[in-house]
A.B. asks: 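Pasting a structure below so you can have a look.
Atoms considered below: every heavy atom in the structure, side chains included; atoms not considered: hydrogens, waters and symmetry mates.
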Amino acid sequence: MKIYNTLTRKKEEFIPIDKNEVKMYSCGPTVYDYFHLGNARPFIIFDTLRRYLEYIGYKVKFVQNFTDIDDKMIKRANDENITVSELADRFIGEYFTDSVPLGIKKATVHPRATENIDCIIDIIKKLEEKGFAYNIDGDVYFSTKMFAEYGKLSKQSLEDLRAGASQRLSASDREQKRDAMDFALWKSQKPGEPAWDSPWGAGRPGWHIECSAMAYKYLGETIDIHSGGQDLIFPHHENEIAQSEAANGKPFAKYWMHNGYINIDNQKMSKSLGNFFTVRDIAKKYDYEVIRYFMLSAHYRNPINFSDELMRQAETALNRIYTCLDNLDFILKNDTLIYEPNPGAEAKISETKEKFKASMDDDLNTAGAIGAVFELVKYANTEFLGKSVLQSCPSIENTISTIKSLGSVLGLFLKEKEDSLDEEIERLIEERNDARVAKNWAKADEIRDKLKSMNVILEDTPNGVKWSISK
């Protein structure tokens with residue numbers, strides 16, 4: 001498997017530190033609101049990476065944090081007259097309300113920043129002892145000029161970064177910091193803010209240090225993969241590298257993976273443009289699985305454009321897969337079967353698996369992997385459907401299991417069709433069958449129309465009536 005490493009700007013063969021286990025850290029949400037489409041993309045992409053690594057035989061220890069203390073959280077908690085902890089509890093719950101139907105597996109560990117204050121303080125103390133951090137009236141900063149490799153992830157010189165940072169500095173920061181590029185490790189308590197005791201006085205951690213601390217605590221000094229959105233390359237991930245490597249004297253992560261931006265109707269998503277959507281907003285119109293399919297239908301490093309037209313295309317494509325699975329299952333239950341493999345089908349199944357793996361091995365090319373599954377679907381529709389000849393039971397079963405197995409790697413195609421209808425619908429279908437046998441076509445059509453009004457769609461086949469529920 002090869003993955004694109006942001007640190008080296010090239011594809012590299014993936015070789016984990018431990019040949020049997022992958023240690024992976026992915027930046028999670030700041031839990032002050034429902035997560036939006038831009039958040040959803042890395043959550044889905046790197047969940048898929050984890051699934052694929054497990055599929056090819058690795059044990060994966062996957063850590064995704066919750067940032068449960070920062071300026072936005074303090075402001076919203078104050079606005080709602082609740083504690084920051086209460087706000088965090090609420091939106092961590094809301095995170096799972098959206099992430100579970102999106103097919104995002106729970107991480108091995110979901111640590112919170114506020115549960116790891118001791119570890120954060122220990123790292124800051126170590127940085128201070130080594131001369132990488134300094135304290136000014138209870139505010140502790142990291143000195144970027146002390147870390148010679150600062151800028152190696154974003155590929156920018158310290159002077160260029162400093163020039164940009166100088167323009168963004170507030171007057172108070174300009175007075176406090178020794179250098180425009182220095183960043184906060186510990187913030188002294190302001191009136192009305194939650195705080196923890198520390199060697200520098202009461203305060204709270206900066207944003208960047210929490211991820212360094214939690215990656216170290218749960219995964220060790222050097223991890224295999226660190227991932228997140230492209231917007232985190234600088235300053236967040238750049239600062240994580242500086243803190244972690246200055247404190248531990250070892251490389252922080254071997255591979256850095258970042259997904260591209262998401263645009264809305266070819267415009268950058270922003271509240272000012274009125275095109276800012278949470279996943280919860282979109283899920284009112286489209287199924288969560290459609291959202292996941294849409295996110296995986298393009299290569300993760302490319303920008304992706306969200307629009308209703310593209311979502312409808314994703315919905316149609318996903319329905320094609322489910323229709324194929326439904327039709328194959330119907331054949332197994334109703335056609336005349338033989339219990340010998342179909343050589344052509346078995347060859348196509350093997351080819352599909354090889355193409356799927358080749359795509360996923362090529363820097364997690366989920367679009368190519370989905371394409372491989374569609375090739376098998378197209379073959380199955382041609383080979384098995386609408387034929388009156390004997391059908392191969394083993395090959396049909398193998399086709400179904402292959403689509404579902406490969407789909408599970410993508411977190412897709414896993415929903416099961418409801419096998420039972422309520423008694424009234426079953427009765428109406430039976431009455432319609434009796435009417436057709438009696439050649440009472442008017443009554444049969446009347447019952448068909450009534451079922452259609454109940455969202456039950458019937459399809460008459462040589463092997464019986466096939467039903468589905470319309471959306």
Side-chain angles (χ1 to χ4, degrees), residues 4 6 9 26-49 64-65 67 70-73 75-76 91 94-95 98-99 102 104 151 153-156 160-161 163-170 183 207-208 211 226-240 256-286 288 290-315 363-367:
Y4 183 86
T6 307
R9 297 295 197 270
S26 197
C27 289
T30 300
V31 285
Y32 72 101
D33 207 340
Y34 305 103
F35 67 86
H36 57 72
L37 279 177
N39 303 136
R41 194 177 191 195
F43 299 161
I44 290 168
I45 293 298
F46 299 116
D47 170 78
T48 304
L49 173 62
Q64 181 183 296
N65 71 301
T67 295
D70 88 328
D71 293 340
K72 292 177 181 177
M73 295 199 65
K75 182 182 184 305
R76 179 153 187 176
F91 281 109
E94 297 293 359
Y95 167 83
D98 287 321
S99 67
L102 278 174
I104 299 168
L153 183 67
S154 56
K155 302 299 184 221
Q156 299 182 69
D160 288 342
L161 293 171
S166 296
Q167 297 173 5
R168 296 189 298 270
L169 276 184
S170 65
F183 57 88
W207 174 36
H208 314 297
C211 287
H226 197 311
S227 60
Q230 185 179 339
D231 57 312
L232 297 181
I233 294 174
F234 184 85
H236 187 49
H237 289 166
E238 193 76 72
N239 292 351
E240 281 189 61
W256 287 85
M257 298 180 70
H258 296 92
N259 63 274
Y261 292 112
I262 182 166
N263 297 316
I264 308 294
D265 292 320
N266 294 309
Q267 290 184 305
K268 183 178 179 181
M269 183 171 67
S270 71
K271 290 182 179 178
S272 63
L273 292 174
N275 65 356
F276 183 90
F277 300 113
T278 66
V279 166
R280 191 74 58 89
D281 294 331
I282 303 303
K284 293 174 183 175
K285 191 170 184 180
Y286 300 100
Y288 280 96
V290 176
I291 299 173
R292 184 178 182 107
Y293 181 97
F294 166 75
M295 293 292 185
L296 296 177
S297 63
H299 193 279
Y300 78 92
R301 285 195 290 115
N302 294 335
I304 189 171
N305 185 53
F306 174 92
S307 69
D308 276 321
E309 180 183 356
L310 292 173
M311 286 297 288
R312 285 192 293 269
Q313 289 177 13
E315 186 174 50
D363 192 30
L364 202 70
N365 182 2
T366 54

A.B. asks: Measure the spacing between OH of Y293 and CD of Q313 and express it to the nearest 0.5 Å.
C.D. replies: 10.0 Å
A.B. asks: Tell me, yes or no, whether the heavy-atom count around K268 atom NZ, taken from other residues, nucleotides or ligands under 6.0 Å, exceeds 12.
C.D. replies: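 No.
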A.B. asks: Could you give the distance from CG (L49) to CG (N259), rounded to the nearest 0.5 Å?
C.D. replies: 11.5 Å
A.B. asks: Hey, does N275 have a side-chain heavy atom less than 4.5 Å from the side chain of D265?
C.D. replies: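 No, side chains not in contact.
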A.B. asks: Taking the side chain as everything from C-beta on, heavy atoms only, tell me whether F276 gets closer than 4.5 Å to D281.
C.D. replies: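 No, their side chains stay 4.5 Å or more apart.
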A.B. asks: Is the shortest side-chain heavy-atom distance between Y300 and T366 below 4.5 Å?
C.D. replies: no
A.B. asks: Kindly indicate whether the side chain of S307, heavy atoms from C-beta on, has any atom under 4.5 Å from the side chain of R312.
C.D. replies: no
A.B. asks: R9 side chain to L153 main-chain N or O, any donor-acceptor pair under 3.5 Å?
C.D. replies: yes
A.B. asks: Using side chain to side chain contact (heavy atoms under 4.5 Å, CB included), reason through D231 and Y261 one step at a time and then give a plain yes or no.
C.D. replies: CA-CA 8 Å; D231 57 312; Y261 292 112; 3.8 Å; yes
A.B. asks: I need the minimum non-hydrogen distance between P42 and G228, along with the two atoms involved.
C.D. replies: CB-C, 4.4 Å
A.B. asks: Please confirm whether the backbone N or O of N305 pairs with a side-chain atom of N263, one donor and one acceptor, at under 3.5 Å?
C.D. replies: no
A.B. asks: Indicate the atoms forming the closest heavy-atom contact of G28 with N65, along with that distance.
C.D. replies: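 Scanning both residues, the minimum pair turns out to be N-OD1, 2.8 Å.
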A.B. asks: Please tell me if the side chains of D33 and E94 come closer than 4.5 Å, counting only heavy atoms from C-beta onward.
C.D. replies: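 Not in contact.
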A.B. asks: As an exercise, state the distance from CG of D47 to CD1 of I44, rounded to the nearest 0.5 Å.
C.D. replies: 8.0 Å
A.B. asks: Measure from the side-chain N and O atoms of Q230 to the backbone N and O of H258, and report whether any donor-acceptor pair falls under 3.5 Å.
C.D. replies: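 Answer holds: no.
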A.B. asks: What pair of heavy atoms forms the shortest contact from F277 to I264, and how long is it?
C.D. replies: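 That closest heavy-atom pairing would be CE1-CG2, 3.8 Å.
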A.B. asks: How long is the straight-line distance from CG of L37 back to CD1 of I282, given to the nearest 0.5 Å?
C.D. replies: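 Answer for the CD1-CG pair, I282 versus L37, is 5.0 Å.
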A.B. asks: Verify side chain to side chain contact (heavy atoms under 4.5 Å, CB included) between I262 and M295, making sure each step is shown before the conclusion.
C.D. replies: CA-CA 9 Å; I262 182 166; M295 293 292 185; 3.7 Å; yes
A.B. asks: I'd like to know if the side chain of H299 reaches the main chain of D363, judged simply by a donor and an acceptor atom lying under 3.5 Å from each other, with no hydrogens or angles considered.
C.D. replies: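 Side chain of H299 to backbone of D363: a pair is present.
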A.B. asks: Would you find a donor on one side and an acceptor on the other, under 3.5 Å apart, between the side chain of E238 and the backbone of G151?
C.D. replies: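 Answer holds: yes.
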A.B. asks: Taking all non-hydrogen atoms of both residues, which atom of G260 and which atom of R41 are closest, and how far apart?
C.D. replies: O-NH1, 3.0 Å
A.B. asks: Go through I304 and F294 one step at a time and tell me if the side chain to side chain contact (heavy atoms under 4.5 Å, CB included) criterion holds.
C.D. replies: CA-CA 9 Å; I304 189 171; F294 166 75; 3.8 Å; yes
A.B. asks: For A283 and I291, which heavy atoms make the closest approach, and how far apart are they?
C.D. replies: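 Heavy atoms only, the tightest pair is N-CD1, 4.1 Å.
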A.B. asks: Distance from H237 atom NE2 to M257 atom CE, nearest 0.5 Å?
C.D. replies: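 So the NE2 of H237 and the CE of M257 are separated by 12.5 Å.
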A.B. asks: Test side chain to side chain contact (heavy atoms under 4.5 Å, CB included) on S99 and Q64 and set out the steps.
C.D. replies: CA-CA 13 Å; S99 67; Q64 181 183 296; over 6 Å; no
A.B. asks: Working to the nearest 0.5 angstrom, can you tell me the gap between F46 CZ and C27 SG?
C.D. replies: 10.0 Å
A.B. asks: Would you please indicate yes or no on a ring centroid separation below 6.0 angstrom for F35 and Y95?
C.D. replies: yes
A.B. asks: Is a donor from one side chain sitting under 3.5 angstrom from an acceptor on the other, for Y288 and D98?
C.D. replies: yes
A.B. asks: Counting only N and O atoms by type, is there a donor-acceptor contact under 3.5 Å from the side chain of R76 to the main-chain atoms of M73?
C.D. replies: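 Not a single qualifying donor-acceptor pair exists.
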